[in-house]
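Okay, so here's the structure we're looking at.
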Amino acid sequence: MPTFNQAYWEERYKNDQAQWDTGTVTPPIKEYIDQLSDKTKRILVPGAGNGHEFEYLVTQDFKNAVMLDIAKEPLANVAKRLPELDAARLIHADFFEHNATYDLIIEQTFFCALSPELRDAYMTKAHSLLAPGGKIAGLLFDFPLTEQGPPFGGSREEYIALFGNLFKITMLHRAYNSIKPRAERELFFIFEKK
Ligand SMILES: C[S@@+](CC[C@H](N)C(=O)[O-])C[C@H]1O[C@@H](n2cnc3c(N)ncnc32)[C@H](O)[C@@H]1O
């Protein structure tokens, strides 16, 4: 299996191979953000790519939301779209080396982009980045995990086994408002730090 490192992702952006990019905030994430009332929440969008979910948070006035990506190009794209934004909110870093404290982590097609052997590390890293009672919420794919990817699949059972020790599984169900190409293939979830 190739290594999905910074060079791999930089290359995908350079070759215009960001097929995961939906061009706008996806409905499940938008609906979740829309019911958040505390605009001061410290929110991280890791592996945020071209940052449509992050941009939505910014437009909704979540002042303490940041995005992070290992590739430079998508961060530059977001900076261009949001010229007034404090550059400190666009973090160029490896998720696994990032240290800060958040109330909420928003997940969309980052977990599935990682080599499956990093799943345990993702779960423990997300746990360590969250304040007590903090949450990770978003979308996980619901199709069989094979050698093929990214995106790498997974199942409800696998996600419960992976996250269940350190997180309370508050919600994990088939998303009803997925974008068409992902319909019936993703789970909306909220996991709360134990
Ligand atoms: C499949 S894309 C998804 C982008 C975005 N979440 C979206 O929904 O459009 C995966 C993203 O994760 C980033 N990435 C991969 N490994 C990373 C890591 N270790 N730390 C931070 N970002 C990473 C890639 O550069 C890429 O932008």
Side-chain angles (χ1 to χ4, degrees), residues 1-33 43-59 62 65-82 88-100 102 104-130 136-143 145-146 148-154 175 177-183 185-189:
M1 197 180 282
T3 312
F4 306 117
N5 56 13
Q6 180 176 352
Y8 170 87
W9 290 105
E10 299 279 11
E11 200 59 24
R12 297 271 320 240
Y13 283 103
K14 206 158 58 194
N15 295 335
D16 209 13
Q17 287 180 344
Q19 292 102 338
W20 55 81
D21 190 335
T22 58
T24 183
V25 61
T26 60
I29 305 274
K30 177 181 181 300
E31 193 173 303
Y32 178 70
I33 292 171
I43 304 176
L44 171 68
V45 189
N50 281 317
H52 304 294
E53 284 62 39
F54 170 69
E55 182 172 3
Y56 187 66
L57 287 163
V58 172
T59 62
F62 286 89
V66 299
M67 66 165 269
L68 174 150
D69 206 283
I70 204 168
K72 283 193 191 133
E73 185 172 321
L75 293 160
N77 293 340
V78 179
K80 245 184 250 162
R81 297 204 312 271
L82 301 172
R89 295 175 69 183
L90 301 174
I91 303 170
H92 179 228
D94 184 333
F95 171 72
F96 296 100
E97 285 164 18
H98 180 58
N99 290 306
Y102 298 97
L104 175 64
I105 295 174
I106 292 196
E107 166 58 48
Q108 177 174 263
T109 62
F110 173 47
F111 177 89
C112 70
L114 299 167
S115 288
E117 70 261 20
L118 291 176
R119 289 185 169 187
D120 204 55
Y122 171 103
M123 186 274 297
T124 51
K125 185 67 191 176
H127 187 268
S128 77
L129 286 168
L130 288 169
I136 172 163
L139 297 160
L140 292 168
F141 276 128
D142 185 17
F143 56 79
L145 174 62
T146 66
Q148 296 296 312
F152 294 100
N177 51 357
S178 296
I179 58 167
K180 255 208 187 128
R182 297 180 190 165
R185 297 172 78 227
E186 58 185 7
L187 301 165
F188 182 80
F189 75 95

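Nothing here was measured: the structure is a model prediction, and the numbers come from that model. Note that ligands are numbered from 1 as they come in the structure, with each ligand's atoms numbered from 1 the same way.
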Residues that [X] engages under ring-ring contact (aromatic ring centres under 6.0 Å, His included), provided they are two or more places apart:
| X | result |
| --- | --- |
| Tyr56 | none |
| Phe96 | none |
| Phe62 | none |

Ligand 1: protein residues within heavy-atom distance under 4.0 Å: Trp9, Tyr13, Trp20, Gly47, Ala48, Gly49, Leu68, Asp69, Ile70, Ala71, Ala93, Asp94, Phe95, Phe96, Gln108, Thr109, Phe110, Ala113, Leu114

CG/Asn15: more than 12 non-hydrogen atoms of other groups inside 6.0 Å: yes

Could you walk me through whether Leu118 and Phe152 satisfy the side chain to side chain contact (heavy atoms under 4.5 Å, CB included) test, starting with their C-alpha distance in whole Å, then the side-chain angles of each, then the deciding distance to 0.1 Å, before giving a yes or no? CA-CA 12 Å; Leu118 291 176; Phe152 294 100; over 6 Å; no

Would you call the rings of Trp20 and Trp9 parallel, tilted or perpendicular, taking 30° and 60° as the class edges? perpendicular

